[in-house]
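Fair warning: this is a prediction, and the values are worked out from it, not measured in the lab. All heavy atoms count here, side chains included; hydrogens, waters and symmetry mates do not. Counting starts at 1 for both ligands and their atoms, following the listed order.
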Amino acid sequence: MFADVIIDISIEKLDRTFQYRVPEALKDKVYPGAMVKIPFGKGSRKIKGYVLSLSETPVIDESLIKDIEEVPELTGESGAEEQLIRTAFWMKEHYGGTLSQSLKVVFPIKKSVKEKKTVNIVPLVKPEELKKAAEEFGAKHNTARERVLTAISESGEIDASLLMSKLNVSRKVLEDLSDRGFIKLEVLREYRNPGMKSGKTGGVLSLSPEQKEIYDEFVKDYEAGIRKPFLIRGITGSGKTLVYIEIIDYVISKGKQAIMLIPEIALTFQTVMRFHERFGNRVSYMHSRLSAGERYDQYERAKAGDIDVMIGPRSALFTPFKNLGVIIIDEEHENSYKAENMPKYHARETALQRAEIAGASVVLGSATPSVESEYRARNGEFRLFTLKNRPGGGALAGVSVIDLREELREGNRSMFSGKLRELMEDRLNKDEQIMLFLNRRGFAGFISCRKCGKVIKCPHCDVSLTSHRDGYLTCHYCGFREKTVTECPSCGSKYIGGMRAGTEQLEEQTAKLFPKARILRMDGDTTKNKGDYEEILSQFKDHSADILIGTQMIVKGHDFPLVTLVGIIAADMSLYASDFRASERTFDLLTQAAGRAGRSERKGEVVIQTYSPDNYCIETAAEQDYEGFYEKEIVYRSLLSYPPVSHLLKILIEGKDEEKVRGEAEHLADLLKKDYSFLSGEAEGGSVIGPAPDVISKLRDVYRYVFFVRDRDYEKLVDAREKIENDRRSGSRYDTQVTFDFDPM
Ligand code: ADP
Ligand code: ZN
Ligand code: ZN
């Protein structure tokens with residue numbers, strides 16, 4: 001038997017393997033993923049490598065193949081690497097693709113860093129003087145300089161790239177402030193995290209009883225060696241972050257390290273400061289301004305034991321800590337935790353796996369947990385804790401739901417209900433801020449009646465049908481087609497069609513209605529360049545505008561103390577996206593949007609405009625009743641066998657020749673349909689659905705078909721993937737490409 005061994009996981013070509021013979025005596029110890037010691041190169045240097053695969057056939061002259069020397073016992077020594085390799089194997093199994101694709105995800109490729117240098121901002125004057133200067137800049141509407149000086153007055157010495165990224169200021173601004181003598185820009189040769197305050201011991205705030213209970217239970221479990229994951233469901237502002245900080249502190253006191261995942265846009269400068277205050281230079285951040293080289297550097301520092309905490313998006317999960325104690329995932333319901341490219345892994349599931357391998361705990365937190373996580377918590381797989389109060393104060397916003405059908409009956413065909421218009425006027429008079437939100441994501445042309453609110457749905461899948469130019473409505477799960485309708489099948493009204501409103505149109509109408517208001521718009525078009533997004537948010541925060549109009553982008557993160565009104569123009573838009581998660585996403589968006597209003601002492605109001613005020617999603621969101629939503633939603637999921645009650649594998653077939661793509665999709669779907677005995681069986685909820693053209697049926701001249709496999713047992717889907725991959729290996733079918741998406745989002 002022979003083993004293909006990779007020798008250095010940081011080399012550029014991970015696919016490059018070397019073949020070694022497996023000696024009889026080691027046969028039982030060598031398996032894909034095992035670490036082995038092998039002789040390498042001219043001097044037969046003894047180095048370590050990892051087995052990728054096993055085979056019976058030598059690829060070169062057999063006499064030239066050397067023997068594997070040793071399979072060392074797993075020790076803590078190379079802990080991180082070993083654990084990450086095992087994680088990569090698990091990812092390959094559970095998400096498909098090649099091993100090297102998975103390895104590339106867990107090990108960042110070493111890029112030659114030209115010269116390791118970081119720039120440090122060192123304040124040259126006292127904090128009070130910085131604050132005073134900041135105010136002066138503010139008075140002159142020089143908001144970038146104001147932001148920087150305010151931040152530095154609080155933070156002290158700080159890493160320039162982190163500050164530029166989180167405050168969205170350019171290098172120029174820093175140089176100017178340096179010329180004016182406020183700060184010094186110090187170039188460091190070696191990467192080190194700027195000192196700042198050395199980290200305080202113990203919290204300044206004492207935990208509330210709710211918070212303390214979670215912390216105490218965590219410690220109790222941890223001490224007892226229990227690693228059951230925690231799910232913290234806590235409204236925004238309920239003090240989740242403080243709980244995370246205390247948990248991390250505890251884990252560090254045990255000599256362990258912590259990873260905290262947080263979507264990049266939710267990691268605000270204030271949050272960064274809170275971690276820095278506690279952990280000083282023992283915490284590091286992954287953020288979008290880091291180059292590949294700097295990113296690699298961060299990993300190296302973790303490996304060397306220079307830091308204890310890594311905070312960042314999805315990719316921070318693979319920080320090579322030797323003694324990982326906890327992985328925290330904030331905003332665990334976020335879509336950004338799912339990778340877009342192969343392997344399409346979910347950071348939450350992968351974190352659970354990595355934690356298990358490392359013997360670490362997992363803590364998930366969200367104001368609106370994913371239906372998946374809530375389901376697992378209720379089934380006893382996670383420990384569920386709730387935070388219901390805001391220890392820092394601040395009331396929840398009041399929410400009113402406006403029935404757009406009624407507005408139409410009264411002759412109002414504009415995008416603003418009477419109530420919203422009235423409230424906007426009021427806020428503008430008070431010089432307070434307004435956010436208007438129009439969700440278009442996942443919006444793919446569903447058809448609805450504006451008189452009665454009926455939405456045309458697939459009779460088989462209960463997702464909305466999508467209208468196509470050819471005059472047909474189609475279902476993107478099962479391929480069902482019917483002729484488009486011109487009259488409402490429910491009430492006979494002719495006011496039936498797609499909702500075509502966009503943010504641009506909303507901006508126009510707003511400007512017409514309130515000619516004096518200063519308006520900012522944020523959507524795909526206004527955020528094409530790097531930094532646009534932060535720039536718009538900064539301007540709004542600086543009160544350079546009264547109204548911010550946008551898509552779901554404006555809903556997350558950032559606090560705007562002056563925002564006291566949030567208008568949701570058409571809640572239905574995301575509600576009827578042709579996706580089984582549409583309600584969940586809408587509930588989350590509405591709750592988050594409501595959370596934007598009234599974060600300070602001023603009480604906020606939210607107006608939700610909708611054609612379906614009786615929909616459970618809208619009703620429960622208006623009451624900010626997560627449990628009410630969940631209990632209805634899970635019934636729907638279980639009736640239609642959607643995740644998390646069942647599991648779904650999406651198989652996407654792509655290629656330039658439509659006939660071949662459809663042919664391959666049909667062939668593969670048939671393959672599973674003919675021999676579905678391996679699935680749990682039709683009766684128990686195993687089935688193959690489709691094929692059908694994908695929601696995006698053609699992209700850059702590439703045709704896309706999909707079909708789905710559904711089963712209550714996730715492992716059966718892994719089997720289905722294997723069957724497909726095996727079938728594709730026989731016979732060369734290079735003109736089509738297949739990708740897998742497990743429990744797609
Ligand atoms: P979340 O992460 O759930 O949104 P945070 O941890 O950011 O909540 O807390 C929201 C606000 O409440 C912050 O300003 C924080 O300082 C404050 N806060 C949190 N916990 C406490 C506490 N135990 N006592 C007083 N204030 C607190
Ligand atoms: Zn109707
Ligand atoms: Zn269907």
So the atoms of ligand 1 within less than 4.0 Å of a heavy atom of S208 turn out to be 23 (N)
Min over A266, P391, A367 of heavy-atom distance to atom 19 (C) of ligand 1 lands on P391
Self-check item: G239 N/O to ligand 1 N/O under 3.5 Å
Solution: yes
Ring-plane angle category for Y636 and Y642, please: parallel below 30°, perpendicular beyond 60°, tilted otherwise. tilted
Are E331 and Y337 linked by a side-chain donor-acceptor pair shorter than 3.5 Å? no
Inset, instruction - Taking only Lys NZ, Arg NE, NH1 and NH2, and the carboxylate oxygens of Asp or Glu, determine whether E332 and R233 approach each other closer than 4.0 Å. - result: no
The answer for which part of S206 has a heavy atom under 4.0 Å from ligand 1 is backbone
Check your understanding: For G237 and ligand 1, does the shortest N/O to N/O distance drop below 3.5 Å?
Key -> yes
Q) Would you call D741 and K650 a salt bridge, taking side-chain N to carboxylate O under 4.0 Å as the test? A) no
- Query: Below 4.0 Å from any atom of ligand 1, is there a heavy atom belonging to G234?
  - Reply: no
Here the vertex angle at the Zn ion (ligand 2) for SG of C452 and SG of C491, given to 10°, is 110°
### Query
Parallel, tilted or perpendicular for H276 and Y285, by the 30°/60° rule?
tilted
Rounding to 0.5 Å, atoms CD (Q609) and CD1 (I618) come to a distance of 11.0 Å
Students often mix this up, so state it plainly: with edges at 30° and 60°, are the rings of F587 and Y626 parallel, tilted or perpendicular? perpendicular
Counting only protein N, O or S atoms and ignoring waters, those under 2.8 Å from the Zn ion (ligand 3) are C458 SG, C461 SG, C475 SG, C478 SG
(message) Counting neighbours of CZ on R409 that are heavy atoms of other residues, nucleotides or ligands and sit closer than 6.0 Å, is the number greater than 12?
(response) yes
Would you call E372-R581 a salt bridge at under 4.0 Å N-O?
yes
Logged contact type for R274 with ligand 1, heavy-atom cut-off 4.0 Å, is side chain
Output yes when E217 and K220 qualify as a salt bridge under the 4.0 Å nitrogen-oxygen rule, no when they do not. yes
Logged contact type for Q211 with ligand 1, heavy-atom cut-off 4.0 Å, is side chain
